Amino acid sequence: QVQLVESGGGSVQTGGSLRLSCAASGNADKRDTFCMAWFRQAPGKEREGVVAIDIDGRITNYDDSVKGRFTIYRDNAKKTVDLQMNSLSPEDTAMYYCAADRRYPCGRWLTDKYDYVYWGQGTQVTVSS
């Protein structure tokens with residue numbers, strides 16, 4: 001069973017930066033994290049994909065609004081994925097969730113939240129104006 005644990009959330013002002021981290025622990029078979037992704041859910045809204053990365057480093061962008069501001073990284077040996085978030089705005093305020101799945105490339109097999117099998121508990125990001 002894969003356990004995903006997020007960290008790094010917090011409160012920042014507009015224009016600030018945060019780096020989120022997600023680690024797969026437990027008896028995680030590395031195949032279960034072939035694709036790792038970040039989703040976010042703002043209050044009153046659906047959970048939506050932000051960006052994903054597969055074990056070969058291919059990136060799938062789910063949300064065009066973060067292009068040029070957010071960067072995803074993964075460390076295959078450590079089974080971790082980070083999300084560097086720059087130029088944050090209040091519209092980025094949300095609970096951020098890490099997700100993982102065996103299937104990859106992410107963009108081919110995993111198009112929305114219903115496709116991912118493993119989820120973390122989330123970490124809150126709040127951006128104030």
Side-chain angles (χ1 to χ4, degrees):
Q1 182 69 24
V2 176
Q3 296 173 336
L4 300 175
V5 180
E6 302 99 334
S7 62
S11 297
V12 296
Q13 292 187 326
T14 296
S17 298
L18 282 173
R19 188 177 180 104
L20 307 182
S21 294
C22 171
S25 60
N27 296 320
D29 185 322
K30 71 174 183 179
R31 292 173 295 180
D32 291 326
T33 58
F34 275 171
C35 179
M36 298 186 79
W38 287 97
F39 283 71
R40 63 184 179 182
Q41 186 167 13
K45 294 188 176 181
E46 294 286 322
R47 188 175 302 185
E48 297 179 336
V50 178
V51 62
I53 186 169
D54 69 27
I55 197 166
D56 294 327
R58 285 173 291 220
I59 293 172
T60 299
N61 290 295
Y62 292 127
D63 184 349
D64 287 343
S65 74
V66 308
K67 284 183 179 179
R69 300 189 300 122
F70 291 11
T71 305
I72 190 168
Y73 303 91
R74 71 178 286 159
D75 185 322
N76 291 334
K78 295 181 180 180
K79 290 181 287 187
T80 60
V81 62
D82 287 3
L83 184 65
Q84 177 65 43
M85 306 186 295
N86 300 325
S87 301
L88 286 163
S89 71
E91 289 70 34
D92 297 313
T93 294
M95 184 72 79
Y96 283 71
Y97 296 91
C98 178
D101 196 275
R102 284 193 169 210
R103 292 168 289 178
Y104 79 106
C106 310
R108 178 178 180 185
W109 300 105
L110 309 165
T111 59
D112 62 32
K113 60 181 181 289
Y114 300 109
D115 294 325
Y116 284 84
V117 173
Y118 303 109
W119 290 90
Q121 294 299 307
T123 185
Q124 178 67 38
V125 171
T126 303
V127 185
S128 59
S129 58

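Just so we're clear, the structure is a prediction, and the values are computed from it rather than from any experiment.
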Exercise. Does CZ belonging to R31 count more than 12 external heavy atoms closer than 6.0 Å?
Worked result: no
Problem set entry | Exam field: side chain E6 to backbone G122, donor-acceptor pair closer than 3.5 Å | yes
Exercise. If you measure from CG on D75 to CG on D82, what distance do you get to the nearest 0.5 Å?
Worked result: 8.5 Å
For this session: Report yes if some heavy atom in the side chain of D63 is under 4.5 Å from a heavy atom in the side chain of V51; otherwise report no.
Result: no
For this session: Could you go through the side chain to side chain contact (heavy atoms under 4.5 Å, CB included) check for R47 and W119 one step at a time?
Result: CA-CA 12 Å; R47 188 175 302 185; W119 290 90; 3.3 Å; yes
Exercise. Would you call the rings of Y62 and Y116 parallel, tilted or perpendicular if under 30° counts as parallel and over 60° as perpendicular?
Worked result: perpendicular
Problem set entry | Carboxylate-amine/guanidinium proximity below 4.0 Å for K79 and D32 | no
For this session: Show your working on side chain to side chain contact (heavy atoms under 4.5 Å, CB included) between R103 and C35 and close with a plain yes or no.
Result: CA-CA 6 Å; R103 292 168 289 178; C35 179; over 6 Å; no
Exercise. Hey, what's the ring geometry for Y96 with F70, parallel, tilted or perpendicular (30° and 60° as the breaks)?
Worked result: tilted
For this session: Could you please spell out the steps behind the side chain to side chain contact (heavy atoms under 4.5 Å, CB included) verdict for L83 and R40?
Result: CA-CA 12 Å; L83 184 65; R40 63 184 179 182; over 6 Å; no
For this session: Test V117 against R102 for side chain to side chain contact (heavy atoms under 4.5 Å, CB included), laying out the working first.
Result: CA-CA 8 Å; V117 173; R102 284 193 169 210; over 6 Å; no
For this session: Please report the shortest heavy-atom distance between P43 and T93, naming the atom on each side.
Result: CD-O, 4.4 Å
